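Since the model is a prediction, treat every value here as computed from it, not as a measurement.
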Amino acid sequence: MQALELLAPAKNLETGIAAIDHGADAVYIGPPAFGARAAAGNSIADIAVLCNYARRFGAKVYATVNTLLHDDELPKAHKLILQLAEARVDAVLIQDMRLYTYAEANSRQPSLNQLIPFHASTQADNRTAEKVKQLYDQGFRRAVLARELSVKEIKAIHEAVPDMELEVFIHGALCVSYSGLCYASEHCYGRSANRGECAQVCRMKFDLVDANGTEIVHQRHLLSLRDLNQSAHLAELIEAGAMSFKIEGRLKDVAYVKNVTAAYSQLLNAYIARHPDDYCRASRGQCRYTFQPDLNRTFNRGYTTYFLHGRQPSMASFFTPKAIGQPVGTVKQIQGAWLTVAGTASFANGDGLCYFNDDKELQGFRVNRAEASRLYPLKMPKDLRPGTTLYRSNDQQMENLLSKPSAERKIPIAMKLQATPQGFSLTIDGQTVEMPMEHIMAQKSQRERIISELTKLGNTPYVCTACDIPQDFPYFIPASQIAALRRMAVESLEWRVENGEFATAPKTTAAENSKPYTINYKPDSPLMQCRYCLRYEMGYCIRHGGKKPQWTEPLSLRLADGHVFRLEFDCSKCQMNVLGGLRPK
């Protein structure tokens, strides 16, 4: 039976615990240094607490040590991974393959790969069967695949390397370049994306200019992609061979993680319910929510399935890189301090609404008071017009729900109480404890009272779904002794969880005679290598039925600060390269 893993981001300890409570089978979190999000580092102590919390549900914690390292940082990263192993992290994601070989060569310390599994981060550019096979031969047992891959490509990789665990992104922000192959931020501002300091050049406004200097497009977000959403396509990804489904967002707040994790957890459960003999969840526990998960009511830039079914239109969001949310109606009337909205949506005080003005620039306002469809903005926008479509970028009702405890995760257990020659035994999920005590005959049946006392599991992660006591059980047991017996049984079960009986992650070792894979960046390499193509997005790809462009190539992208990037269209690979150009004086 194949275990399916929902993998959620953890900005910090609070978010990691919330992700597990809301249905994550695993979380990924950044340690104090060397994570691909410099602003999302966490202490080893907090990571250890998260590991301990996850373990009770059989959930995993993965640490991201996935930046490229300077030579003098290798010993520090090696020491960090030893600390993560002591904290009982289940795996470490890496990009810099020198770390892998350094760990083996350093005879003064234990081999890292003997202590903790390594996963090949998506920054290692895992997009071909040949690359994934090379990683497997090197000793990796999981590869995080490039976001750009189609279902067919994922399936081909799985068939070529069937024993490699394949992790795929299913939701969240998209980088326009293949991960690990973007150097634009470093080129422009000295901030390396491969060092966790991305300046998000791809979210900026550009002019599109042709070879004659003619401006084709003025100040639009031409490289800013919509957010990924594969919620309708989990079945295809599972059947293609993916087993871990990753939500992007280590910089997202806890409300985002709660909602998105809960939504995908329900979808995975529904799929497993249709295939109970073939699939199961990778962790234990059932979640109950105080809200209805809805991916449209959380941060998003509009959605795309990206290249899941090949090249598709409308991957980018030219007019804004910000979240606009879902459409909630159109402006019907504006009168003084209020406006009315035509539509079926309901509103709440504090909602954030936005719209595109006449210049296609995103504008927004906060609803100070909502009276049905009549809204009183905190300040009435001057350029708002009747007929304008409104979007809800901040859903105050949803935020209020998610700001409170919004999920409870419990592990179903079965209990069995029996009399023994010396007292009574209680078995929970195969774990039996026995307590010596006097057998006292009851004057009337005590069965229902004993069941009620036994199943008071309080703040433990367990809920009793079956309690096996003989119908003719003839004994009286004091409430205090029932509680003591229950406590002993739960502690025994917790000890088994704490000592790793439910852990399933294999400890991997490097294959003999394998050679490490390294990323070789050359100064004249493209600053970005993109499967996304601006020609296609604008409707000018002749190979795919687009219009013949009237411009003169090569095209260039120009930032307002003067940086210019030349575009190279490699149609043989169906790839767009962004090349370095002029720097501002």
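Atom CG of Leu295 sits about 8.5 Å away from atom OH of Tyr256, to the nearest 0.5 Å. Atom-to-atom distance recorded for Ile29:CD1 and Thr64:OG1 is 8.0 Å, nearest 0.5 angstrom. Between the SG atom of Cys574 and the OH atom of Tyr532 there is a distance of 13.5 Å, given to the nearest 0.5 Å.
Counting all heavy atoms, side chain and backbone alike, Arg566 lies closest to Ser556 at CA-OG, 4.0 Å. Gln292 and Gln266 get closest at one heavy-atom pair: NE2-OE1, 3.9 Å. The nearest pair of heavy atoms linking Leu69 to Arg195 is CA-NH1, 3.8 Å. When all heavy atoms of Arg409 and Asp21 are compared, the closest pair comes out as CB-O, 3.7 Å. The two atoms that bring Tyr183 and Pro526 nearest to each other are CD1-O, 3.7 Å, heavy atoms only. For the pair Arg297 and Gln397, the tightest heavy-atom approach, listed with the atom from each and the gap, is NH2-OE1, 3.4 Å.
With Phe319 as the aromatic partner, Arg220 does not meet the cation-pi criteria of under 6.0 angstrom to the ring centre and within 45 degrees of the ring axis. Taking the centre and axis of the six-membered ring of Tyr540, the NZ or CZ atom of Arg535 falls outside the cone set by 45° and 6.0 Å. Judged by the 6.0 Å distance and 45° axis criteria, Lys252 is positioned over the aromatic ring of Phe299.
In terms of modelled atom types and a separation under 3.5 Å, the side chain of Thr261 and the main chain of Val257 share a donor-acceptor contact.
Among pairs with a residue in residues 347-356, those fulfilling salt bridge (charged side-chain N to carboxylate O under 4.0 Å, His left out) read Asp351-Arg392, at least two apart in sequence or across chains. Listed by first then second residue, pairs satisfying salt bridge (charged side-chain N to carboxylate O under 4.0 Å, His left out) with a partner in residues 256-273 number zero, not counting sequence neighbours.
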| request: Please test Asp125 against Arg127 for salt bridge (charged side-chain N to carboxylate O under 4.0 Å, His left out), starting from the C-alpha separation and ending with a verdict. | output: CA-CA 6 Å; Asp125 190 26; Arg127 52 175 149 147; 2.8 Å; yes
| field | Phe206 and His563: CA distance, side-chain angles, deciding distance, ring pair (Phe, Tyr, Trp, His ring centres under 6.0 Å) verdict | value | CA-CA 10 Å; Phe206 295 93; His563 280 101; over 10 Å; no
| message | side chain to side chain contact (heavy atoms under 4.5 Å, CB included), that's the test. Do Val217 and Phe318 meet it? Break it down for me. | response | CA-CA 10 Å; Val217 177; Phe318 285 175; over 6 Å; no
| task | Mind running side chain to side chain contact (heavy atoms under 4.5 Å, CB included) on Leu390 and Phe347 for me, showing each step along the way? | result | CA-CA 12 Å; Leu390 294 177; Phe347 298 92; 5.7 Å; no
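Enclosure of atom NZ in Lys322 is not indicated, since only 12 or fewer non-hydrogen atoms of other residues, nucleotides or ligands lie within 6.0 angstrom.
Just one of Tyr306, Tyr303, Phe245 meets the ring pair (Phe, Tyr, Trp, His ring centres under 6.0 Å) condition when paired with His171; it is Tyr303.
Looking only at side-chain heavy atoms (C-beta outward), Phe569 and Gln575 stay at 4.5 Å or farther from each other. By the 4.5 Å heavy-atom criterion applied to side chains, Val89 and Ile47 are counted as neighbours.
Inspection of the Asn296 and Gln326 side chains reveals no N or O donor paired with an N or O acceptor under 3.5 Å. In the model, Gln230 has no side-chain atom that pairs as donor or acceptor with a side-chain atom of His233 under 3.5 Å. Side-chain N/O atoms of Arg203 and Ser224 include a donor and acceptor closer than 3.5 Å.
Using bins of under 30°, 30° to 60° and over 60° for the plane-to-plane angle, the ring pair Phe356/Tyr391 lands in the perpendicular bin.
Here Glu5 pairs with Arg142 under the salt bridge (charged side-chain N to carboxylate O under 4.0 Å, His left out) rule; sequence neighbours left out.
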